[in-house]
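What follows is a short report on a single structure.
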Amino acid sequence: CPICKTNLVEKDGNLFCDDCKKEYEVSDGIPILVDFQKIPKHLVDQIRYFEKEEVIEKDEFRLDEWQKSYVDRFCNNFSEIKGKKVLDCGTGSGYMAVELAKKGADVFACDLTLKGLKRLKKISEKEGLGIKIFCCSAEEIPMKDEFFDYFISNAVLEHLPNEEEAI
C-alpha cells in the first residue's frame with residue numbers, strides 16, 4: 001500500500017489494503033496506486049502533457065542513441081544487475097526498464113501516465129520481459145524501504161511539485 005506500506009490483497013479484481021481500508025483499481029492488469037482526484041493540478045497537467053507524446057502511441061520499442069548512452073552509463077556504474085530488483089520511477093517511455101530487464105534485472109516500473117504504462121506492458125509481454133508495472137506517484141512508492149537493490153529516476157524531479165518528499 002502506498003500509504004501504510006502493508007501488503008495489498010486482491011478483492012473483486014481490485015487491490016485492497018486491510019490496514020487502512022483503501023481500495024485501488026487495477027486497469028488492464030496495472031494497479032493504480034494513486035488517487036487522481038487528490039493529486040496537485042501541476043501533476044494533472046504533467047500527465048496530460050506526457051500522454052500527448054507521440055512515443056506513447058506506438059507499441060513497438062525503439063532505443064535512440066541518447067537513451068542507449070543512459071543505459072550504458074547505468075550499467076557501467078552498476079555492473080551486477082542480473083537478478084537485482086530495480087525500480088524505474090517515472091519510467092516514461094520505459095526504455096530503461098526494457099533494457100535492464102533484457103539484461104536480467106528484476107524490473108519494476110512506475111509512472112503517473114497510465115497510457116504510457118499500458119504501452120510498456122504490451123512491450124514487456126511481447127518481449128517476454130516480465131516487467132512489473134504499477135501507476136503511482138514518486139512521492140508515494142508502494143514498497144517498503146530497502147525493497148529495491150537499485151533505484152532509477154531519470155529526468156523526473158523537475159516535474160514534481162514536492163521533489164523533497166520524493167527524494
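Excluded from the calculations below are hydrogen atoms, water molecules and symmetry mates; all remaining heavy atoms, backbone and side chain alike, are included.
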State whether the side chain of [X] and the backbone N or O of [Y] hold a donor-acceptor pair below 3.5 Å, judged by distance alone.
| X | Y | answer |
| --- | --- | --- |
| D106 | K84 | no |
| D149 | K85 | yes |
| T113 | F50 | no |
| S69 | W66 | yes |

Nearest heavy-atom pair of [X] and [Y]: which atoms, and what distance?
| X | Y | answer |
| --- | --- | --- |
| A97 | T91 | CB-OG1, 3.9 Å |
| C20 | C1 | SG-SG, 3.6 Å |
| L87 | C110 | CD1-SG, 3.9 Å |
| V26 | N14 | N-OD1, 3.3 Å |
| K22 | I3 | CD-CD1, 4.2 Å |
| R62 | Q67 | O-OE1, 3.7 Å |

- Query: Which of parallel (below 30°), tilted (30 to 60°) and perpendicular (above 60°) describes F78 and F74?
  - Reply: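 Tilted.
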
- With a distance cut-off below 6.0 Å to the six-membered ring centre and an angular limit of 45° from the axis, does K38 pair with F36 as a cation-pi contact? no

Is there a side-chain contact between [X] and [Y] (heavy atoms, below 4.5 Å)?
| X | Y | answer |
| --- | --- | --- |
| V71 | M96 | yes |
| S137 | L112 | yes |
| E127 | K102 | yes |
| D88 | I131 | no |
| F134 | P31 | yes |

- Given the rule in the salt bridge (charged side-chain N to carboxylate O under 4.0 Å, His left out) test, do D72 and K68 qualify, once you have shown the distances and angles that lead to the verdict? CA-CA 6 Å; D72 290 346; K68 184 180 182 311; 3.0 Å; yes

According to a hydrophobic-cluster definition based on side-chain heavy atoms being under 4.5 Å apart (Ile, Leu, Val, Met, Phe, Trp, Tyr only), do [X] and [Y] belong together?
| X | Y | answer |
| --- | --- | --- |
| L33 | F108 | yes |
| V86 | V98 | yes |
| L129 | L120 | yes |
| I39 | I141 | no |
| V107 | F151 | no |

- In plain terms, say whether K122 and E125 are close enough for a salt bridge, that is, a side-chain N and a carboxylate O under 4.0 Å apart.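 The answer is no: the pair does not qualify as a salt bridge.
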
- Hey, are K41 and D45 close enough for a salt bridge, meaning a charged N less than 4.0 Å from a carboxylate O? yes

- Before giving the answer on side-chain contact (heavy atoms from CB on, under 4.5 Å), spell out for I30 and K121 the whole-Å C-alpha distance, their side-chain angles and the decisive distance to 0.1 Å. CA-CA 8 Å; I30 299 173; K121 183 174 186 256; 3.8 Å; yes

- Message: Centroid separation under 6.0 Å, is that true for the rings of F61 and Y95?
- Response: no

[X] [atom1] to [Y] [atom2] distance, which is reported to the nearest 0.5 Å:
| X | Y | atom1 | atom2 | result |
| --- | --- | --- | --- | --- |
| K5 | C17 | NZ | SG | 11.0 Å |
| I123 | K118 | CD1 | NZ | 15.0 Å |
| K103 | I81 | NZ | CD1 | 6.5 Å |

- Task: Let me see the working for L100 and C75 under side-chain contact (heavy atoms from CB on, under 4.5 Å), right down to the final yes or no.
- Result: CA-CA 8 Å; L100 294 180; C75 292; 3.9 Å; yes

- Item | Members besides V9 in its Ile/Leu/Val/Met/Phe/Trp/Tyr cluster (side-chain heavy atoms under 4.5 Å) | F16

With a cut-off of 6.0 Å (strictly less than), are more than 12 heavy atoms of other residues, nucleotides or ligands near [atom1] of [X]?
| X | atom1 | value |
| --- | --- | --- |
| D12 | CG | no |
| D145 | CG | no |
| E23 | CD | yes |
| Y150 | OH | yes |

- Item | CA sep, side-chain torsions, deciding dist, call: D111, I133, side-chain contact (heavy atoms from CB on, under 4.5 Å) | CA-CA 9 Å; D111 203 285; I133 300 167; over 6 Å; no

- Does a donor on one side chain and an acceptor on the other come within less than 3.5 Å for K144 and T6?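 T6 and K144 do not have a side-chain donor-acceptor pair below 3.5 Å.
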
- Task: List the steps, then state whether side-chain contact (heavy atoms from CB on, under 4.5 Å) holds for V34 with C135.
- Result: CA-CA 7 Å; V34 63; C135 185; 4.1 Å; yes

